Amino acid sequence: MSFRVSVPSYVMPGTYIENLRFLEENTDQRDVELLFFMYDDDARNLLKAEAAGIAEYSRRFGFTVHMPDSIDASHEEILEATAGYASSYIIHPPRTAPEIPAFVAVLDEWRGRYGERRFLLENTRLEQFDAAERALRDSCYGRPQLCADIGHLRMEGADPAAWVAERADRIAELHVHGFDGTKDHVPFLAGEAWLEALAPFARTFLGIVELELFSWPELQDAAAILRNAWRNV
């Protein structure tokens, strides 16, 4: 067994169903992360319109779900629509300290109802991540499983391989994308130092590796580079 490469639910302009249809008909990709960065009226209406169709695609795809940037209790609608097939949910930490108590309360409610190991805390920014993790350590279910965003670690000058190694037993998903010194979520090249440094971890990793790029040609190239660097063939 080895890690599974996942792609976003937006690889071309279109709805969830249109992207899933494209992936099914034109690629051999079989793991997808449903994106809900925002959950406004348009997103809510689209989910309602396509929920049954997305569920049908769970016969062909494995799904994870990226929850909105700032979670609140109303976002349980997403969980209710996807809990039957989603393996995990990516959660961003709050942006400010005053938001942390409400964040912990909501997340513990969800962990109690949907499974504590299904919710993965992602390192959007390390200061925010560390504060949320400290609060969750003393919550009902303790420290959560993790999603390690490699691009964000590089943006902050952290050593991705060292950061991951310290938390290896709790990391269930990696988010991988390039960082050019100014922008993230850009393509990366073979031979980049972080790829080589992470290879020992990746070669025994059994979770999801999500390529956070948003066009199919870029994703194809990135997947080939990743598999070659980490020998997951």
Side-chain angles (χ1 to χ4, degrees), residues 1-9 11 23 27-35 58 61-67 85-93 111 115-124 126 129-130 132-133 136 141-179 184-214 218-233:
M1 294 179 65
S2 59
F3 65 83
R4 306 199 312 274
V5 175
S6 176
V7 301
S9 58
V11 302
L23 290 171
T27 82
D28 61 0
Q29 181 63 40
R30 286 298 175 264
D31 284 280
V32 176
E33 187 150 278
L34 297 173
L35 301 179
S58 68
F61 295 101
F63 285 111
T64 58
V65 176
H66 197 301
M67 295 295 284
Y85 56 81
S87 61
S88 60
Y89 295 89
I90 308 304
I91 305 291
H92 285 181
R111 291 202 283 177
E116 60 184 282
R117 295 180 65 85
R118 292 175 81 179
F119 294 90
L120 315 181
L121 184 67
E122 181 181 9
N123 58 294
T124 47
L126 289 175
F129 170 88
D130 291 341
E133 188 174 46
L136 286 165
Y141 299 100
R143 296 186 306 169
Q145 298 291 102
L146 302 179
C147 170
D149 190 299
I150 305 306
H152 290 171
L153 290 170
R154 294 178 63 220
M155 284 181 67
E156 294 194 77
D159 178 345
W163 196 91
V164 165
E166 290 175 4
R167 299 160 178 83
D169 61 332
R170 290 192 293 132
I171 293 175
E173 184 164 330
L174 301 179
H175 282 185
V176 174
H177 48 97
F179 172 58
D184 62 346
H185 297 286
V186 296
F188 51 87
L189 301 175
E192 292 192 20
W194 63 270
L195 274 172
E196 300 303 321
L198 280 165
F201 171 82
R203 288 168 185 160
T204 60
F205 182 54
L206 301 181
I208 294 287
V209 177
E210 166 77 3
L211 287 169
E212 283 198 315
L213 301 170
F214 304 102
E218 290 180 347
L219 284 160
Q220 281 185 299
D221 292 343
I225 291 169
L226 194 76
R227 289 191 172 101
N228 184 59
W230 292 349
R231 297 178 185 170
N232 179 34
V233 294

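This is a predicted model, so every value here is computed, not measured. Just the heavy atoms: all of them, side chains too, but no hydrogens, waters or symmetry mates, feed the values below.
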Test side chain to side chain contact (heavy atoms under 4.5 Å, CB included) applied to L146 and L121, step by step: CA-CA 5 Å; L146 302 179; L121 184 67; 4.1 Å; yes
Looking only at non-hydrogen atoms, find the nearest pair between [X] and [Y] and report the distance.
| X | Y | answer |
| --- | --- | --- |
| L195 | F188 | CD1-CD1, 4.0 Å |
| S6 | I208 | CB-CG2, 3.6 Å |
| L23 | Q29 | CD2-CB, 4.4 Å |
| W163 | A148 | CZ3-CB, 3.7 Å |
| A229 | R203 | O-NH2, 3.1 Å |
| S58 | Y85 | CB-CB, 3.6 Å |

Neighbour count >12 (heavy atoms, 6.0 Å) for atom CZ, R143: no
From [X] atom [atom1] to [Y] atom [atom2], the distance as rounded to the nearest 0.5 Å:
| X | Y | atom1 | atom2 | result |
| --- | --- | --- | --- | --- |
| I90 | T124 | CD1 | OG1 | 12.0 Å |
| F3 | L226 | CZ | CG | 5.0 Å |
| H175 | E122 | NE2 | CD | 5.0 Å |
| Q145 | R167 | CD | CZ | 13.5 Å |
| S9 | L34 | OG | CG | 5.0 Å |
| I171 | D169 | CD1 | CG | 8.5 Å |

ring-ring contact (aromatic ring centres under 6.0 Å, His included) between F179 and W194, intermediate numbers included: CA-CA 11 Å; F179 172 58; W194 63 270; over 10 Å; no
By side-chain contact (heavy atoms from CB on, under 4.5 Å) - contacts of L219 (at least two apart): V7, P8, V11, L211, L213, W216
Whether H152 and H177 hold their rings parallel, tilted or perpendicular, with breakpoints at 30° and 60°: perpendicular
Parallel, tilted or perpendicular: ring planes of F214 versus H185, cut at 30 and 60 degrees: tilted
Aromatic ring proximity, centroids under 6.0 angstrom, F205 and W230: no
Given 3.5 Å as the limit, does a donor-acceptor pair link the side chain of [X] with the main chain of [Y], or not?
| X | Y | value |
| --- | --- | --- |
| N123 | D149 | yes |
| T64 | S88 | no |
| R30 | G62 | no |
| R118 | A86 | yes |

Exercise: do E210 and H66 side chains pair donor with acceptor under 3.5 Å: no
Any residue meeting salt bridge (Lys or Arg N to Asp or Glu O under 4.0 Å) with R111, in chain and number order, not counting sequence neighbours: D108
